[in-house]
Enquirer: 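What follows is a structure written as structure tokens; I'll ask about it next.
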Amino acid sequence: QVQLVESGGGLVQAGGSLRLSCAASGRTFSRYTMGWFRQAPGKEREFVAAIRWTGGSTDYSDSVKGRFTISRDSAKNTVDLQVNNLKPEDTAVYYCAAKPADYFNTDYSASNYPYWGQGTQVTVSS
């Protein structure tokens, strides 16, 4: 129903920046809440940011507030995550996820998102 493909990850030194992109296809993209999650080896998948289908409401984990920015372009069916001032603890595989906007559940739980991309690796060196 929804296909997601991430890109933009890579190697960066601490303090650097990347722009992660998620290209979506399938059923109406603008009616989905979009989220970014990340997962480091041996750790649980962690919420990073979310943007609701209207594009007017966003939220971030405390660890990335002020450094990361989520945005969407419904016309282009893309969701981006601008990641600035990267820290070594940001190293993880970053995943784009989607869930129907009318789901009555939290935006911050990975289990509530039925659609996922393949992930893109972000590695931050100290």
Side-chain angles (χ1 to χ4, degrees):
Q1 291 183 317
V2 177
Q3 295 79 46
L4 306 172
V5 180
E6 303 98 329
S7 62
L11 302 172
V12 64
Q13 293 184 352
S17 299
L18 291 169
R19 189 171 184 87
L20 310 182
S21 296
C22 174
S25 62
R27 302 189 72 181
T28 309
F29 177 71
S30 62
R31 302 297 182 182
Y32 287 78
T33 297
M34 305 298 299
W36 283 94
F37 294 78
R38 65 188 183 186
Q39 188 167 22
K43 296 184 178 179
E44 298 288 334
R45 190 162 297 186
E46 175 190 18
F47 170 77
V48 175
I51 184 167
R52 296 177 183 174
W53 72 270
T54 61
S57 180
T58 61
D59 208 352
Y60 302 89
S61 68
D62 289 340
S63 63
V64 307
K65 284 181 179 177
R67 300 189 297 120
F68 291 11
T69 303
I70 188 171
S71 61
R72 72 189 302 166
D73 187 333
S74 295
K76 298 180 179 179
N77 287 342
T78 58
V79 177
D80 290 353
L81 185 71
Q82 178 69 39
V83 295
N84 297 328
N85 192 24
L86 285 163
K87 304 175 180 180
E89 55 261 41
D90 295 319
T91 295
V93 177
Y94 284 70
Y95 296 92
C96 178
K99 71 182 182 75
D102 59 352
Y103 273 19
F104 188 65
N105 53 34
T106 180
D107 295 338
Y108 316 123
S109 176
S111 64
N112 290 333
Y113 288 76
Y115 308 110
W116 293 84
Q118 83 289 348
T120 185
Q121 177 72 47
V122 173
T123 302
V124 184
S125 62
S126 61

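As a basis for the values below, the full set of heavy atoms in this structure was taken, side chains included, without hydrogen atoms, waters or symmetry mates. We're numbering straight along the sequence, starting at 1. This structure is a prediction, so every number in the text was calculated from the model and none was measured.
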Enquirer: In a table with atom names and distances, give each donor-acceptor pair under 3.5 Å that connects a side chain of residues 39-50 to protein atoms at least two apart or in another chain.
Expert:
unit_1 : atom_1 : unit_2 : atom_2 : d
Gln39  : OE1    : Arg45  : NE     : 3.2
Gln39  : OE1    : Arg45  : NH2    : 3.1
Gln39  : NE2    : Lys43  : O      : 3.0
Glu46  : OE1    : Arg38  : NE     : 3.0

Enquirer: Taking only residues two or more places apart in sequence or in another chain, which ones pass side chain to side chain contact (heavy atoms under 4.5 Å, CB included) with Glu89?
Expert: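 With neighbours one apart ignored, the set is Lys87.
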Enquirer: What is the distance from atom CG of Asp73 to atom OG1 of Thr78, rounded to the nearest 0.5 Å?
Expert: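 Rounded to the nearest 0.5 Å, the CG-OG1 separation comes to 4.5 Å.
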Enquirer: Hydrophobic cluster membership, with links at side-chain heavy-atom distances under 4.5 Å among I/L/V/M/F/W/Y: are Trp116 and Val93 in one?
Expert: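 Trp116 clusters together with Val93.
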Enquirer: Do side-chain atoms of Arg52 reach the backbone of Ser57 as a donor and acceptor pair under 3.5 angstrom?
Expert: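 No; judged by distance alone, with no hydrogens or angles, the pair does not exist.
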Enquirer: Can you tell which of Val83, Thr58, Asp59 makes a side chain to side chain contact (heavy atoms under 4.5 Å, CB included) with Ile70?
Expert: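 So the option named by the test is Thr58.
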Enquirer: If hydrophobic clusters are built from ILVMFWY residues whose side chains come within less than 4.5 Å, do Tyr60 and Tyr108 share one?
Expert: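 Different clusters.
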Enquirer: Distance from Tyr94 atom OH to Ser7 atom OG, nearest 0.5 Å?
Expert: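 Between atom OH of Tyr94 and atom OG of Ser7 there are 15.0 Å.
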Enquirer: Decide whether Asn84 and Gln82 meet the rule of one side-chain donor and one side-chain acceptor closer than 3.5 Å.
Expert: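 Asn84 vs Gln82: donor-acceptor pair found between side chains.
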Enquirer: Does Asn85 use its side chain to pair, donor to acceptor, with the backbone of Arg67 at less than 3.5 Å?
Expert: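 It does not hold such a pair.
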Enquirer: Over all heavy atoms of both residues, which pair between Ile51 and Arg72 is shortest? Give the atoms and the distance, please.
Expert: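 That closest heavy-atom pairing would be O-NH1, 3.6 Å.
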Enquirer: Just so I know, are the side chains of Ser61 and Phe68 near enough to count as touching, which here means a heavy-atom distance under 4.5 Å?
Expert: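 No - every pair of side-chain heavy atoms lies 4.5 Å or more apart.
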Enquirer: State the CD-OG distance between Gln13 and Ser125, to the nearest 0.5 angstrom.
Expert: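 These two atoms lie 5.0 Å from each other.
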Enquirer: Could you see if Tyr115 belongs to whatever hydrophobic cluster contains Leu20? Use Ile, Leu, Val, Met, Phe, Trp, Tyr and a side-chain cutoff under 4.5 Å.
Expert: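 In one cluster: yes.
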Enquirer: How about Tyr113 and Phe37: are their ring centroids closer than 6.0 Å?
Expert: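 Yes, ring centres under 6.0 Å apart.
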Enquirer: What closest approach, in Å, do Pro100 and Pro114 show between heavy atoms, and which atom pair accounts for it?
Expert: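 Of all heavy-atom pairs spanning Pro100 and Pro114, the closest is CD-CG, 4.0 Å.
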Enquirer: List the steps, then state whether salt bridge (charged side-chain N to carboxylate O under 4.0 Å, His left out) holds for Lys99 with Asp107.
Expert: CA-CA 9 Å; Lys99 71 182 182 75; Asp107 295 338; 3.0 Å; yes
Enquirer: Minimum heavy-atom separation for Asp80 to Ser21, with atom names?
Expert: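 Smallest heavy-atom distance, with atoms named: OD1-OG, 3.1 Å.
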Enquirer: Can you tell me how far CD of Gln121 sits from OG1 of Thr91, rounded to the nearest 0.5 angstrom?
Expert: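 Spacing of OG1 (Thr91) from CD (Gln121) equals 7.5 Å.
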Enquirer: Please report the closest heavy-atom contact between Cys96 and Met34, naming both atoms and the distance.
Expert: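 Looking at all heavy atoms of both residues, the closest pair is SG-CE, 3.7 Å.
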Enquirer: How many angstroms lie between atom CG of Asp90 and atom OG of Ser63, to the nearest 0.5 angstrom?
Expert: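 Between Asp90 CG and Ser63 OG, I get 7.0 Å after rounding to 0.5 Å.
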Enquirer: Hey, what do you get for CZ (Arg19) to OG1 (Thr69), rounding to the nearest 0.5 Å?
Expert: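 Going from CZ on Arg19 over to OG1 on Thr69, the span is 8.5 Å.
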Enquirer: Check Leu4 against Gln118 and note the closest heavy-atom contact, atom names and distance.
Expert: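 The answer is O-OE1, 3.8 Å.
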Enquirer: Hey, quick one: are Leu86 and Tyr95 part of the same hydrophobic cluster, counting side-chain heavy atoms closer than 4.5 Å, chains of contacts allowed?
Expert: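 Result: no, two separate clusters.
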